[in-house]
Amino acid sequence: MIEQILKPISPEKRGAVISKFIRIGALFLELKNFNGVMQIISALHSAPIRRLEQTWDCLRGVGPMGRTMIENFERLETVMEHTGGFKSYRSTLSKSEQPCLPYLGVHLTDLMFVEEGNKEWVQVKKLDENPASFPSFEPCNDVKLLNWFKKNKVAEIIRELGLYQQVDYEFDVDPSVRDWLFALGEDKDHKLRQQPNSKANAEKWYQISLRIEPKKGEVSESYVKLLMEEERMREKITELEVKVGRLEQEKKELEWSNQSLVDDLKMLHRMSMMGGPRLQDLGINTSSNNLLNAGRGAGGMGDNSHNSNNSNNNVLVNNAAGRGRGRGANPLGSLPQIVDMKQNLRGKG
């Protein structure tokens, strides 16, 4: 979360990212996912994020929506307030119906206090077995017994956590999101980058925070413009990468269509050799140059992109793609015409 908030250069965009995480936190609270709520609060309260005054000012200054976001964030803080041993959280959790996901940090802390604050063995006084001494309760030999109070407290905490595992959330599984999360969990580099308690990560994030919002008196206007220009260039690179991906997809589609058209032509040629109508009778130009151009079209689109003068081959490609960009008549005939001719020849055979 911290890394995602610090990515944008402009405070307005950082404010938009924070707003999105607050909305996610509100949804977590609605779903009674208290562990997720605490993760949102911890990230927004971290030093690299809390010090971003310009960012928080932009969030507050977006009108009613900004005020709503701040109110939602304050509501999350109230529920997960740590004072009184997380009294507010414990009260909300006790009233919550399942399914529910508790904040494990509180319960793990309870286990630690029980473990560290109570001895494993307790020393007690053994009473004298002589009935005559019973009324006086005079102790004699010391003995050690297992601290059953401690074991009961540990079992009580674990039993409480087990109650919240009885009912599952009824969500529709999105395979793409599920696989992405699983792959992310197996990415060791990602785990290392996201460890909030890592000293290296904390220092790195704080330095980024200082770079995007320097302390007062330590920044020049030209430096801010340079950062803004860097962000615009990154956005431009992202747009170009998307366009390249689309062009690659179109290239594959054109290659497939061109190959299909050439395969149809070859089949018609074989049929004519077996006694069927000649290609010339069907209105198809069978000159060596034309067949050579068709073969080149099937061999790869790379030659087509570098040979703009090959009009016959370009027309073939344009008709195969069905985009109508070519000019002039296609010497091989359009794709529907060839399909009709294939069906007629098969019928005659």
Side-chain angles (χ1 to χ4, degrees), residues 1-5 7 13-46 49 59 62 64-114 152-197:
M1 276 185 56
I2 298 176
E3 188 175 13
Q4 293 299 320
I5 295 173
K7 273 186 177 181
K13 292 185 178 180
R14 290 195 299 272
V17 176
I18 291 178
S19 177
K20 181 175 182 178
F21 281 124
I22 292 176
R23 291 196 298 271
I24 294 175
L27 182 59
F28 280 161
L29 185 59
E30 181 181 343
L31 295 173
K32 299 181 287 293
N33 180 356
F34 298 102
N35 202 69
V37 172
M38 195 61 184
Q39 288 181 330
I40 299 287
I41 295 176
S42 299
L44 298 182
H45 274 233
S46 62
I49 305 302
L59 180 62
V62 293
M65 186 178 67
R67 289 193 296 270
T68 301
M69 287 297 104
I70 296 299
E71 291 173 359
N72 288 339
F73 182 50
E74 291 175 350
R75 184 161 61 96
L76 299 180
E77 291 177 313
T78 301
V79 173
M80 303 306 297
E81 178 63 44
H82 67 277
T83 57
F86 287 88
K87 180 180 179 180
S88 177
Y89 158 72
R90 295 179 191 273
S91 175
T92 305
L93 180 64
S94 64
K95 300 175 184 177
S96 300
E97 298 180 355
Q98 298 190 43
C100 177
L101 184 59
Y103 170 47
L104 296 179
V106 170
H107 305 279
L108 293 177
T109 302
D110 291 344
L111 285 173
M112 184 189 68
F113 281 147
V114 172
N152 277 336
K153 293 298 293 183
V154 171
E156 180 181 339
I157 296 172
I158 296 176
R159 188 183 303 112
E160 181 184 4
L161 289 176
L163 293 176
Y164 301 111
Q165 299 179 346
Q166 304 301 318
V167 180
D168 295 332
Y169 285 98
E170 296 181 357
F171 293 138
D172 295 332
V173 178
D174 188 328
S176 60
V177 176
R178 178 197 59 197
D179 296 342
W180 178 78
L181 290 174
F182 284 160
L184 202 61
E186 297 174 357
D187 187 351
K188 296 181 180 180
D189 294 336
H190 176 79
K191 288 182 179 180
L192 183 62
R193 292 196 304 270
Q194 299 302 319
Q195 289 179 357
N197 296 327

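In what follows, residues are counted from 1 in the order of the sequence shown.
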Within the supplied structure, the quantity of interest is the number of heavy atoms (other residues, nucleotides, ligands) at a distance under 6.0 Å from Glu97 CD; does it exceed 12?
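No.
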Between atom [atom1] of [X] and atom [atom2] of [Y], what is the distance when rounded to the nearest 0.5 Å?
X      : Y      : atom1 : atom2 : value
Met69  : Lys20  : CE    : NZ    : 13.0 Å
Phe113 : Leu108 : CZ    : CG    : 12.0 Å
Leu161 : His107 : CG    : NE2   : 5.5 Å
Thr78  : Ile41  : OG1   : CD1   : 8.5 Å
Ile24  : Gln39  : CD1   : CD    : 11.5 Å
Leu104 : Asn35  : CG    : CG    : 5.0 Å

Side-chain donor or acceptor of [X] paired with backbone N/O of [Y] under 3.5 Å:
X     : Y     : result
Ser46 : Ala43 : yes
Glu30 : Ala26 : no
Ser42 : Met38 : yes
Thr92 : Val79 : no

Do you know which two heavy atoms are closest between [X] and [Y], and how far apart they sit?
X      : Y      : result
Ile70  : Leu59  : CD1-CD2, 3.9 Å
Tyr169 : Cys100 : OH-CA, 3.5 Å
Met80  : Phe86  : O-CE2, 3.6 Å
Ile49  : Ile18  : CG2-CD1, 4.2 Å
Ile22  : Leu76  : O-CD1, 4.2 Å
Gln165 : Gln98  : N-OE1, 4.4 Å

For a side-chain contact (heavy atoms from CB on, under 4.5 Å) check, start with the C-alpha distance between Val106 and Tyr89, then their side-chain angles and the critical distance, and finish with the verdict.
CA-CA 9 Å; Val106 170; Tyr89 158 72; 3.9 Å; yes
Do the ring centers of His45 and Phe73 come within less than 6.0 Å of each other?
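Here the rings of Phe73 and His45 have centres that are less than 6.0 Å from each other.
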Would you indicate whether the side-chain heavy atoms of [Y] and [X] approach each other to under 4.5 Å?
X      : Y     : result
Lys13  : Lys7  : no
Lys32  : Phe28 : no
Phe171 : Leu31 : yes

Residues Asn72, Leu29; criterion side-chain contact (heavy atoms from CB on, under 4.5 Å); working and verdict:
CA-CA 10 Å; Asn72 288 339; Leu29 185 59; over 6 Å; no
Is there a side-chain contact (heavy atoms from CB on, under 4.5 Å) between Tyr103 and Val37 once you walk through the steps?
CA-CA 8 Å; Tyr103 170 47; Val37 172; over 6 Å; no
Does the pair Leu93 and Phe34 meet the rule for a side-chain contact (heavy atoms from CB on, under 4.5 Å), with working shown?
CA-CA 8 Å; Leu93 180 64; Phe34 298 102; 3.9 Å; yes
Is the closest side-chain donor-acceptor distance between Ser94 and Arg90 under 3.5 Å?
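No, Arg90 and Ser94 have no side-chain donor paired with an acceptor closer than 3.5 Å.
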